[in-house]
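Have a look at the structure below before the remarks.
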Amino acid sequence: MRSESLQALRFFLLAALTPLSAGIEVVQAQDNQVPEPIADNFAIMTLLFRDRLGMNVVSYTDGFPDGEQTRQTMQPTQFTVQLDLHGPLSQDMVQVVTTLFTDEFGFSKFEEANFDVRPLYCGQARQMPFINGEQQVEFRWTVDLTMEAKPVVSTDQQFAAELRIETVSVDTLAGP
């Protein structure tokens with residue numbers, strides 16, 4: 001669910017940013033003991049928010065007699081990712097991302113990623129200097145990107161293969 005959403009975003013970002021900066025790296029944040037990418041220009045994705053957009057939608061799969069019997073519960077979810085763009089091209093990169101994210105290009109790239117994730121909107125780009133481990137200031141632009149996902153949770157479900165209906169007189173059930 002979370003990983004599929006970030007994979008879809010990464011797919012879009014690589015397609016949008018590679019023409020500007022060949023060899024750009026796009027990584028997920030909050031990964032312990034992993035240094036920042038070596039590339040001059042790179043992007044870091046941090047999941048900020050997950051909000052329910054609607055009620056659950058439930059569907060069933062009855063694989064009788066030999067297949068799986070499951071219940072699929074989909075919760076429409078809005079999620080927001082903070083995208084940090086680092087490097088000398090970060091200002092150009094944020095312009096490309098904010099231009100293409102809700103453009104037809106963005107929608108088609110998200111669809112090509114084969115996950116049920118779609119762009120909704122992006123926030124304002126912000127210039128935020130970054131102090132690295134060597135106490136040097138790096139160029140960094142950030143923008144919040146909001147998407148919609150439809151994650152599905154599957155659980156086992158039992159179905160009746162055969163039902164027998166019998167009528168029973170109420171008089172026979174009633175006591176004296």
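Sequence positions, counted from 1, serve as the residue numbers for this chain. These numbers were taken from a predicted model, which means no experiment stands behind them.
With rounding to the nearest 0.5 Å, the separation of CZ in Arg118 from NZ in Lys150 is 8.0 Å. To the nearest 0.5 Å, atom CD of residue Glu25 and atom CD1 of residue Ile44 are 10.0 Å apart. Atom CG of Leu6 sits about 15.0 Å away from atom CZ of Phe11, to the nearest 0.5 Å. Atom CG of Leu145 sits about 10.0 Å away from atom CG of Leu48, to the nearest 0.5 Å. Separating the CE atom in Met128 from the CD atom in Glu138 is a distance of 14.0 Å, to the nearest 0.5 Å. Between Gln75 atom CD and Asn56 atom CG the span is 5.5 Å, to the nearest 0.5 Å.
Looking at heavy atoms from C-beta onward, Thr73 lies out of side-chain contact with Val152 at the 4.5 angstrom threshold. Here the side chains of Met147 and Gln78 are not in contact, with every heavy-atom distance at 4.5 Å or above. Between Glu148 and Ser5 there is no side-chain heavy-atom pair separated by less than 4.5 Å. No side-chain heavy atom of Leu53 sits under 4.5 Å from any side-chain heavy atom of Thr77. Between Val117 and Leu9, every side-chain heavy-atom pair lies at or beyond the 4.5 Å cut-off. Annotation: side chain of Ile24 is in contact with side chain of Leu14 (closest heavy-atom distance under 4.5 Å). Put simply, the side chain of Phe12 reaches to within 4.5 Å of the side chain of Phe101, judged on heavy atoms. Under the 4.5 Å side-chain criterion, counting only non-hydrogen atoms from C-beta, Phe107 is in contact with Pro119.
The main-chain N or O of Leu89 is found under 3.5 Å from a side-chain atom of Asn41 such that the two form a donor-acceptor pair. Thr99 places no side-chain N or O within 3.5 Å of a backbone atom of Val97 that could act as its donor or acceptor partner. Side chain of Ser90 to main chain of Gly87: a donor-acceptor pair is present (N/O by atom type, distance under 3.5 Å, no hydrogens or angles). A donor-acceptor distance shorter than 3.5 angstrom exists from the side chain of Ser108 to the backbone of Phe105, with no hydrogens or angles considered.
If you chain together hydrophobic residues whose side chains sit under 4.5 Å apart, Val26 and Trp141 fall into the same group. Residues Leu20 and Leu85 share a hydrophobic cluster, clusters being chains of Ile/Leu/Val/Met/Phe/Trp/Tyr side chains in contact below 4.5 Å. Both Leu17 and Val94 sit in one connected hydrophobic cluster of ILVMFWY residues. Membership requires side-chain heavy atoms under 4.5 Å apart, directly or through other members. Neither Leu83 nor Phe130 shares a network with the other; the hydrophobic side chains, linked directly or stepwise wherever heavy atoms of I, L, V, M, F, W or Y lie under 4.5 Å apart, form separate groups for each. Both Leu47 and Val143 are members of a single hydrophobic cluster when ILVMFWY side chains are connected at heavy-atom separations under 4.5 Å.
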Apply side chain to side chain donor-acceptor pair (under 3.5 Å) to Thr80 and Thr146, showing your working.
-> CA-CA 4 Å; Thr80 301; Thr146 302; 3.1 Å; yes

Determine, stepwise, if the pair Tyr60 / Phe159 fulfils side-chain contact (heavy atoms from CB on, under 4.5 Å).
-> CA-CA 10 Å; Tyr60 300 91; Phe159 294 92; 3.7 Å; yes

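Checked against Thr61 for a side chain to side chain donor-acceptor pair (under 3.5 Å), the options Gln157, Glu68, Gln72 give a single hit: Gln72. Results of the side chain to side chain donor-acceptor pair (under 3.5 Å) test with Thr142 over His86, Arg126, Gln127 single out Arg126 as the only residue that passes.
Identified under the salt bridge (Lys or Arg N to Asp or Glu O under 4.0 Å) test for residues 83-110, with sequence neighbours left out: Asp84-Arg140, Lys109-Glu112.
Surrounding CD of Gln69 are more than 12 heavy atoms belonging to other residues, nucleotides or ligands, all under 6.0 Å away. In this structure, Phe49 places its CZ atom where only 12 or fewer heavy-atom neighbours from other residues, nucleotides or ligands lie under 6.0 Å away.
Taking Asp116 as the reference, nothing meets the salt bridge (Lys or Arg N to Asp or Glu O under 4.0 Å) condition, with sequence neighbours excluded. Not a single salt bridge (Lys or Arg N to Asp or Glu O under 4.0 Å) links Arg71 to another residue, sequence neighbours left out.
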